[in-house]
Amino acid sequence: MGTRADAVAATRERIARAALRLLLAQPYEDITLADIATGAGVSHQTVLNHYESKEGAASAAIELLGSEIEGLRTSVRHGDPEHAVEVLVEQYERSGDLNIRWAMSAERLGRLAAILDQARAAHRAWLEEVFAPHLPTVPADRLRGLNALHAATDVYTWKLLRRDLRLSRPETTRTMTALVRGVLIRDVPDS
């Protein structure tokens, strides 16, 4: 039984990874079940058997990506703006174009659009955790600071710098770090 379960799990992962490769390269709307099947080396029916639809395979692909992102983000040294931005830029270099395409077509994604809200909430929670000692304690000021951090570290900011203004990766990192530093409280009392 274990061998069969392992084979099923391996096939599911191969399909999800094929869907992820496609999502990283092109818009969701342009991807077909046949493309996913070909990329995974399985039949169209096998994709349907495992995920029921293109939406299901895409959801599994985004879940894989989410795990990779979480792995990157847990490596961040808390309170270290340079390191936090380096990790974010690494993430955006890998999947930023997908994030932008996904956000731009949210109204056409159906139930998959909820993933965007989850990602935004996760990003915000990560910002609050990583920069907690450098944020104001007054609730209104803290909220304003979190909003500014969110804007400074959002994938749209990366897109503006990397894609629209054509800055190098190091210059993008420096610029985003400067934005983050501009938000943070400079003098944090020692605990």
Peer 1: Drop me the distance from Leu160's CG to Arg162's CZ, to the nearest 0.5 angstrom.
Peer 2: 12.5 Å
Peer 1: Is the number of heavy atoms from other residues, nucleotides or ligands under 6.0 Å of Glu68 CD greater than 12?
Peer 2: yes
Peer 1: Under 4.5 Å between side-chain heavy atoms, hopping through other hydrophobics if needed: is there a path connecting Leu24 to Tyr51?
Peer 2: yes
Peer 1: Going from CE on Met176 to CD on Glu86, what distance comes out if it is rounded to the nearest 0.5 angstrom?
Peer 2: 12.0 Å
Peer 1: Do Leu167 and Arg174 come within less than 4.5 Å of each other through their side chains, counting heavy atoms only?
Peer 2: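 Sidechains of Arg174 and Leu167: no contact.
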Peer 1: Are Asp30 and Leu22 side-chain neighbours, meaning at least one heavy-atom pair lies under 4.5 Å?
Peer 2: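 Contact flag for Asp30/Leu22 side chains = no.
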Peer 1: Please evaluate residues His50 and Val42 with respect to the criterion side-chain contact (heavy atoms from CB on, under 4.5 Å), reporting the C-alpha separation (whole Å), side-chain torsions for both, the decisive distance (0.1 Å), and the verdict.
Peer 2: CA-CA 11 Å; His50 285 277; Val42 299; over 6 Å; no
Peer 1: Distance check, rounded to the nearest 0.5 Å: Ser168 atom OG versus Leu161 atom CG?
Peer 2: 10.0 Å
Peer 1: Counting only heavy atoms not in Glu171, do more than 12 sit closer than 6.0 Å to its CD atom?
Peer 2: yes
Peer 1: In terms of relative ring orientation, are Trp126 and Phe131 parallel, tilted or perpendicular, with 30° and 60° separating the classes?
Peer 2: perpendicular
Peer 1: Have Asn147 and Arg124 got a donor and an acceptor in their side chains that come within less than 3.5 Å?
Peer 2: yes
Peer 1: Tell me, with the steps shown, if Val130 and Arg73 meet side-chain contact (heavy atoms from CB on, under 4.5 Å).
Peer 2: CA-CA 10 Å; Val130 168; Arg73 288 185 175 207; over 6 Å; no
Peer 1: If I take atom CD from residue Glu128 and atom CG from residue Leu135, how far apart are they, to the nearest 0.5 angstrom?
Peer 2: 7.0 Å
Peer 1: Give the intermediate values and the outcome of side-chain contact (heavy atoms from CB on, under 4.5 Å) for residues Val180 and Thr177.
Peer 2: CA-CA 5 Å; Val180 167; Thr177 300; 5.6 Å; no
Peer 1: Please confirm whether Arg101 makes a cation-pi placement over Tyr28, using NZ or CZ under 6.0 Å from the six-membered ring centre and within 45° of the ring normal.
Peer 2: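 Verdict for Tyr28: no cation-pi partner in Arg101.
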Peer 1: Are Thr32 and Asp35 linked by a side-chain donor-acceptor pair shorter than 3.5 Å?
Peer 2: yes
Peer 1: Kindly check if the number of other-residue, nucleotide or ligand heavy atoms within 6.0 Å of CD (Glu52) is above 12?
Peer 2: no
Peer 1: Quick one: pull up CG in Leu98 and CG in Leu65 and give me the separation to the nearest 0.5 Å.
Peer 2: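 Rounded to the nearest 0.5 Å, the CG-CG separation comes out at 6.0 Å.
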